[in-house]
Each structure stands twice: as C-alpha cells, then as structure tokens.
Amino acid sequence: MSITTSAPIATIASLSAHEGQTVTLRGWLYNLRASGKLLFPIFRDGTGTIQGIVPKAAVPEAVFETLKNLTLESSLTVTGKVRADSRAPSGFELDVEDVQVIQKVPVETPFPIQLKEAGVDFLMEHRHLWVRTPRQSAILRVRATIMRAAAEYFDTNGFIRTDPPILTPNACEGTSELFEMDYFDDDKAYLTQSGQLYIEATALALGKVYSFGPTFRAEKSKTRRHLTEFWMIEPEVAFLELDGLLNLAEGFITHIVTTVLAHHRADLKVIGKDVEKLEAVITPGGFPRVSYDEAHAMLETAFAEGKIEAPHTYGHDFGSPDETYISSQFDKPVMIHRYPAAFKAFYMQPDPLDPTKALCVDVLAPEGYGEIIGGSQRIHDYNLLKSRIEQHDLPLAAFQWYLDLRKYGSVPHSGFGMGIERAVAWICGLDHVRETIPFARTLNRIYP
RNA sequence: UCCUGAGUAGCUCAAUGGCAGAGCAUUCGGCUGUUAACCGAAGGGUUGUAGGUUCGAGUCCUACCUCAGGAGCCA
C-alpha cells in the first residue's frame, strides 16, 4: 500500500472545485456502511462530510480490508477521485483509491458518541468528543461568525477595543454573586461580572470603545439561559444618550444577523433553524420600541384575555413568562425602555420627564429567547451618582475612581452589553445555551 | 435557596409487588447503491447509595447522592 503523494491536498468544503480530479483528504471516519463487496465510508475533516465509494473489485485488497475493518472516528488520509452524483446530499462522492490510517480507534473502546439519540448528561460528560458531531460543529462555526461580526461592527464604526481586567477588586454592580479568590497576601480578588465600569473610563478617553471577553457569575441559576462563565461584548460611547443607544443596538444586531445569513445557510439547515425567522429580523423598518409602561399594559390585556397565567404587578420587573409573551408579539427583537429605576442598577440615568424611570433598555430576542442585551445611559452628575452609591449601600471607597469620571470632564454617555451565548442560542434556535459555547460551565458541571 | 421530575446493559428506554427485556452500539456471519442502511446470531446487569415494609421489591416507604428544567436573579 502506498499513499498517492502526487494528489493535491483538499478540504471537503472545497471539493466542488476539484470535480473529476484525484485529491487527498485528511480527516476522520465519520460512519461506515457495508454491503457485501461494496463499502460506503463517510469521511469528515472539519469542513464537512463526504461519502466514499469502495467497490471491492476496484481497489487493492489491502485498501478494501483496511476500510472494512476501520473503527469510527479513526484518523486517516484518503485519496480518491471527486465525482458529482445526484444521490449524494452534497452533490459529490469520492471514488476511493487509497487510504492511510493515522490512528485506529481500538475496537475494545469504540467512539462513545453514537449517531442516534443520547441524553444531555452523557453528552455533556463527553463534550470533548460531542463537538465532533455535525450539528455541534455547525453551531460552533455560527458562534465564531457571530463573534466576528459583532467585533467587526464596532471596528468598522470607529470604536476602539479596550478590554477591562478580569480580576477585579470588587463587584461592578454590587449585586451578583462573584467568584472569589486570594490575591497574594491579604487581598481578595473577584472574577469580573461586567467590564462596564472600566469601559466608561476608556470611553471618556477615546470616545467610542468596546470590550469583548469572558464574564463570570456565581449565581446558582439552573436554567436553559444561564452559564457561570459566558462571553459578553459591551460598547460604551461618550456623548451618546438613550435614543442613540437604541439605534446602536438595532444596527448592531442587524449586522450580526445579516452576516450569519450571508455565510451559514447550510449550517443553519443542519442545526434545524428556520431562516425565514432570521430574514424577518433584518427587513426594513427597525425594531419595535416599547416603554415599560406600554409593556405592562400589554401584559394586563394578555392576562385579562387569559393569554398569560399570572398578572404582572406594576413597578416590578418582568418575569420570564412575561418576557416570553412580549417577545412573542413581534417577529423582530423588541426594545423595552424606561424601566422603573427602583429595581435597576445604581448607575442608570433618571428620565428627566419622569425621574422614577431609568433611561435604560432591555432587548428581548424573538421566539421567547429572553433578554440578549441590557444597556442604559449612565449617570454623569457627580452628586447624584454619589448619593445612589450610598443608597445602595455600596462601599464608597471602592468606587472613588468611578466617581472621578464625574469630576474630570463628565459627559452624558451610554452603553450596553450583549451575552454572546444567548445571541447564539437565539440565532441558531437552540433550546439551551450549553450548546453555544465549546465547553459550557454551569452550576453542576466543570468537566471536561 | 425553593418547587417539580428522572436515575435499569456502553447509549436510548420498557418491565400490575411475582423468571430483568427491546432497539442501537460491539463481535461474528450475509448482502454491489447504502443514506442514523438492512437481515441473522452472540456476548453484555450488584436496577444511583444505605436502610426499611413484605413470603417475595426495579416497582412501596425513609434518608442521602447525582442529573435535569422551572422559580428567583440575570446576559
């Protein structure tokens, strides 16, 4: 047996450009069907899958025997001629001429992930192998594009990326549970739960900035929408007020969805997402903008008509079922603005028309995926911010630097944060965020 | 933290309180167009753990463990 060294190396995704040519693929055995003297191995290489055809009479005995006895997920190089075939899902098949096994999966320890159904616990325990399956690979490709498109939107609109520290001396917002660790001799450090306060500083230095990195929440949330470690992209803009912030969020999401639709229709099909729902998001006309008061009125009507089970109490935050109902009324993300300040973060600017309201916005994804963006205009007045810190029983000393920003050339400014995993779950139509990140960290799982 | 549910073969799941089973996977055999291929055969079990009730417990009771998804909180 000899490998055909003269054949050019190709990827499965690029095979349409090699029709009629003999090429060498490098990858793994994804599946193998046999029919007597005819083998149908399916190869994958990370860019896609293709079925090979191996008639016993057409190849050397050793090639046939090697493939016939090969175990799934064994690594290999395979050489063959690319042939168009209407029976193939991708339109192409490979007439195998030669194969070289790089590492054969031992027969006594077969690849544990079957092509049939499996439970969540088992799959998460084998996440390092689960990522090889077509659906999971497709999700990770879409995730990569969402992250690229998100950064690209800011990079091409004059924003400077300024990443905040991950180790912080205190809570950014003073609310969430934080992961605590020793910081050398006496001090404690905490993993960041948001970079917002830091990029307010860089926004006043550079004008338009953003940060993009991991954040950590030690809250014991056990739902399909929560991870303890997740990625967040946050813009912060000097001289930007709430209306401008809504425009920014709208353009940002539109760009991301447009980019995904331009590059991942095949992946979305594998994942099972209805692309028409994404196409509806980017039709002209902008996203619906609903005030907290208007949203509350919607919920009152819905409850009176029996469309939601529990009434919404005015002055309280919306619950998960409330958000699901509101978002179900629109086929685009809905922007809910001007929540009561009482249950919102301490740094949010009061609405001059009604100081009990905050100039803030939550963007709810369609189809019940919940909040994907939270943002606000920030308090720029020194004395107001100081009194809010005191009202919230936050340690004034820790926020001295943050107050400095309101002492040295303060200006109105605004920003928001988008959780990447929730955006991926929505755009891909997944029922849990644990599939949106290569290795999810959740309340009960830190392996593998 | 609270509520609810689930733990049985490697995986997915069955089994009136009465002999612990099937499909898939694995191994062996058959098949020249299969699409999570199909057909035949074989191997594979301390029913999550510890107690209890009973002639008899996978099944009923108690405690615990693990996981799940919902609430709260959030992106």
Side-chain angles (χ1 to χ4, degrees), chain A residues 30-42 49-58 64 69 71-72 85-90 93 95 105-126 129-130 133-135 172-173 175-177 193-196 214-234 249 309-310 316-324 343-345 361-365 369-375 416-426 431-434 436-437 442-445:
Chain A
Y30 171 68
N31 197 8
L32 176 66
R33 286 183 285 266
S35 178
K37 298 181 177 62
L38 187 60
L39 304 179
F40 297 99
I42 298 180
T49 61
I50 186 168
Q51 174 167 281
I53 316 296
V54 193
K56 187 175 172 67
F64 188 85
N69 295 310
T71 41
L72 301 193
D85 192 309
S86 59
R87 289 167 292 192
S90 66
E93 291 187 337
D95 289 325
V105 174
V107 291
E108 62 270 20
T109 55
F111 190 69
I113 310 288
Q114 293 184 32
L115 302 179
K116 290 222 171 191
E117 77 277 3
V120 167
D121 191 32
F122 179 82
L123 291 172
M124 288 304 291
E125 200 72 12
H126 295 82
L129 303 176
W130 189 23
T133 59
R135 177 183 158 87
C172 285
E173 302 182 15
T175 51
S176 298
E177 294 282 330
Q193 55 150 4
S194 166
Q196 180 202 315
T215 53
F216 307 86
R217 305 278 167 93
E219 311 221 339
K220 300 199 170 178
S221 297
K222 249 181 11 182
T223 81
R224 66 184 67 206
R225 301 180 303 280
H226 288 87
L227 297 170
T228 53
E229 176 183 331
F230 65 97
W231 283 64
M232 189 152 63
I233 186 163
E234 300 174 273
E309 289 185 7
H316 287 68
D317 203 355
F318 300 124
S320 235
D322 300 328
E323 290 187 350
T324 299
F343 59 79
K344 284 293 185 180
V361 60
D362 282 0
V363 180
L364 307 183
Y369 279 92
E371 183 184 347
I372 52 170
I373 279 181
F416 64 75
M418 183 182 83
I420 292 295
E421 287 73 20
R422 283 191 184 175
V424 176
W426 159 51
D431 63 9
H432 201 299
V433 290
R434 66 179 156 233
T436 67
I437 186 168
T442 59
L443 182 57
N444 293 315
R445 192 175 299 282

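Only this structure's heavy atoms are used, side chains among them; waters, hydrogens and symmetry mates stay out.
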Answer with base, sugar-phosphate or nothing: what part of the nucleic acid does [X] contact at a heavy-atom distance below 4.0 Å?
X      : value
A/A34  : base
A/S320 : sugar-phosphate
A/E108 : nothing
A/D362 : nothing
A/R87  : base
A/P41  : nothing
A/V433 : nothing
A/E229 : nothing
A/I53  : base

Check whether any side-chain heavy atom of [X] sits under 4.5 Å from a side-chain heavy atom of [Y], and report yes or no.
X      : Y      : value
A/T133 : A/Q114 : no
A/I42  : A/R33  : yes
A/Q196 : A/T215 : no

Exercise. Using only heavy-atom distances, decide whether a donor-acceptor pair under 3.5 angstrom links the side-chain of A/R422 to the base of B/C74.
Key: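 Indeed there is one.
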
Exercise. Classify the side chain of A/S221 versus the base of B/C73 as yes if they form a donor-acceptor pair under 3.5 Å and no if they do not.
Key: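 By the distance-only test, yes, there is a pair.
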
When the [atom1] atoms of [N] and [M] are considered, how many whole Å apart are they?
N     : M     : atom1 : value
B/G10 : B/G43 : P     : 16 Å
B/C64 : B/A22 : C1'   : 32 Å
B/A41 : B/A15 : P     : 25 Å
B/G58 : B/G21 : C1'   : 12 Å
B/U26 : B/A63 : C1'   : 39 Å
B/U49 : B/U8  : C1'   : 15 Å
B/A25 : B/A9  : C1'   : 11 Å
B/G48 : B/A6  : P     : 13 Å

Between [X] and [N], is there a side-chain N or O to OP1/OP2 distance below 4.0 Å?
X      : N     : result
A/R434 : B/C67 : no
A/K220 : B/U1  : yes
A/N444 : B/A68 : yes
A/R225 : B/A71 : yes
A/T223 : B/A71 : no
A/H226 : B/A75 : no

Exercise. Please figure out whether A/P55 or A/L443 has its closest RNA chain B nucleotide nearer the 5' end.
Key: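 The 5'-side residue here is A/L443.
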
Practice problem: Let me know, please, whether A/L227 or A/L72 comes out on the 5' side of the other along RNA chain B by nearest nucleotide. | Solution: A/L72

Just compare [options] and give me whichever is closest to any side-chain atom of [X].
X      : options             : value
A/P110 : B/C31, B/C73, B/U26 : B/U26
A/K222 : B/U27, B/C74, B/A68 : B/A68
A/R217 : B/C74, B/U32, B/U34 : B/C74

Please answer whether the main-chain N or O of [Y] pairs with a side-chain N or O of [X] as donor and acceptor at a distance below 3.5 Å.
X      : Y      : value
A/H126 : A/F122 : yes
A/E323 : A/L364 : no
A/E234 : A/G195 : yes

Length of the [atom1]-[atom2] vector between [X] and [N], whole Å:
X      : N     : atom1 : atom2 : value
A/K56  : B/U34 : NZ    : P     : 21 Å
A/F343 : B/C74 : CZ    : C1'   : 13 Å
A/K37  : B/G30 : NZ    : P     : 9 Å
A/E219 : B/G72 : CD    : C1'   : 9 Å
A/R224 : B/G69 : CZ    : C1'   : 7 Å
A/D317 : B/C73 : CG    : C1'   : 9 Å
A/E234 : B/A75 : CD    : P     : 9 Å
A/E323 : B/G72 : CD    : C1'   : 13 Å

Practice problem: Mind listing the closest non-hydrogen atom pair of A/I372 and A/A365 along with its distance? | Solution: CG2-CB, 3.9 Å

Quiz prompt | Minimum heavy-atom distance between A/I53 and A/L38, given as atom pair plus value | solution =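 Looking at all heavy atoms of both residues, the closest pair is CG2-CD1, 4.0 Å.
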
Quiz item: Has A/F40 got its ring stacked on B/G33, by the test of a centre gap below 5.5 Å and a plane angle below 30°?
Solution: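 Aromatic stack with B/G33 absent for A/F40.
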
Quiz item: Tell me, what's RNA chain B's dot-bracket, Watson-Crick or G-U with both distances under 3.5 Å, | for other-strand, [ ] crossing?
Solution: (((((((..((((....[..)))).(((((.......))))).....(((((..]....))))))))))))....

Exercise. Taking only Lys NZ, Arg NE, NH1 and NH2, and the carboxylate oxygens of Asp or Glu, determine whether A/R87 and A/E93 approach each other closer than 4.0 Å.
Key: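 Salt bridge between A/R87 and A/E93, a charged N being under 4.0 Å from a carboxylate O: no.
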
Quiz item: Looking just at side-chain N and O atoms, do A/R225 and A/S320 make a donor-acceptor pair shorter than 3.5 Å?
Solution: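 Short answer, yes.
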
Quiz item: Residues in ring pair (Phe, Tyr, Trp, His ring centres under 6.0 Å) with A/F111, at least two apart?
Solution: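 With sequence neighbours excluded, A/F111 shows a ring pair (Phe, Tyr, Trp, His ring centres under 6.0 Å) to no residue whatsoever.
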
Any protein N or O atoms within reach of nucleotides 6-14 of chain B? Criterion: under 3.5 Å, listing atom names and distances.
| unit_1 | atom_1 | unit_2 | atom_2 | d |
| --- | --- | --- | --- | --- |
| B/G10 | N2 | A/Q114 | NE2 | 2.3 |
| B/U12 | OP1 | A/G119 | N | 2.8 |
| B/U12 | O2' | A/E117 | OE2 | 3.0 |

Self-check item: Residues A/H226, A/T442; criterion side-chain contact (heavy atoms from CB on, under 4.5 Å); working and verdict
Solution: CA-CA 7 Å; A/H226 288 87; A/T442 59; over 6 Å; no

Practice problem: Determine, stepwise, if the pair A/F230 / A/R422 fulfils side-chain contact (heavy atoms from CB on, under 4.5 Å). | Solution: CA-CA 9 Å; A/F230 65 97; A/R422 283 191 184 175; over 6 Å; no

